[in-house]
Amino acid sequence: QVQLVESGGGLVQPGGSLRLSCAASGRNTWTYHMAWFRQAPGKEREFVAAISESGDSTSETDSVQGRFLISRDNAKGTVYLHMSKLKPDDTAVYYCAAGRQGGLGSNPSSYDYWGQGTQVTVSS
C-alpha cells in the first residue's frame, strides 16, 4: 500500500513558475515508477509526465516539453514537477500516481495509487 500527498499548487500569472511535490509513504515506494496527471474542468484526466524507479528515465507529453520537468528524490520519498512558462491552458487539478506495470505509460489505468490532487490556476 502506498499513500501519495501532493502539495505546491496555487495561483500563478502566465509565464510564471511553480514546483509541485508528491510525498510518497508506505512499503518500497522506490520500486514504483511515478507520474503526474492533470484534469481540467469538463475534460478527461491527461498524462503530463512520468519518471522511472531510479529517476534515470522520464517521459513528458508534447504540450509540456521544454517547460515542465519531473524529478524524484528517493531518499526523501518525494517526486517533483517543476513547471515554468505556465499558460492558462495548464490550469487543472494535478494528480500524482504510482505504478509498477506498463512502464512510463500515459494510461491512467496502469497506475495503482493516486493522490488527492492539488489545484494549479494560471491567470492574470
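The CE atom of Met34 sits 14.5 Å away from the OG1 atom of Thr58 when rounded to the nearest 0.5 Å.
For Thr29 (side chain) and Gly26 (main-chain N/O), no donor-acceptor pair under 3.5 Å exists by modelled atom type. Although no hydrogens or angles enter the test, the distance criterion places no donor-acceptor pair under 3.5 Å between the side chain of Gln39 and the main chain of Glu44.
The two residues Ala40 and Ala92 have their closest heavy-atom pair at N-CB, 3.8 Å. In plain terms, the two heavy atoms of His33 and Arg72 that are nearest each other are CA-NH1, 4.0 Å.
At a threshold of 4.5 Å between non-hydrogen side-chain atoms, the residues Val122 and Gln13 do not count as touching. Between Val48 and Leu81 the shortest side-chain heavy-atom distance falls below 4.5 Å. The side-chain heavy atoms of Thr91 and Ser123, taken from C-beta on, include no pair separated by under 4.5 Å.
Taking the centre and axis of the six-membered ring of Tyr32, the NZ or CZ atom of Arg100 falls inside the cone set by 45° and 6.0 Å. Remark: Arg45 is positioned above the aromatic ring of Tyr95, its terminal NZ or CZ atom under 6.0 angstrom from the ring centre and at most 45 degrees off the axis.
With sequence neighbours left out, the ring-ring contact (aromatic ring centres under 6.0 Å, His included) criterion links Phe37 to Phe47, Tyr111, Trp114. In this structure Ser7 satisfies the side chain to side chain contact (heavy atoms under 4.5 Å, CB included) test together with Ser21, sequence neighbours excluded.
A donor-acceptor contact closer than 3.5 angstrom links the side chains of Ser25 and Gln3.
Crowding of Gln101 atom CD: a count of heavy atoms from other residues, nucleotides or ligands under 6.0 Å not exceeding 12.
Checking Val64, Thr118, Val93 one by one against Arg38, the side chain to side chain contact (heavy atoms under 4.5 Å, CB included) holds for a single residue, Val64.
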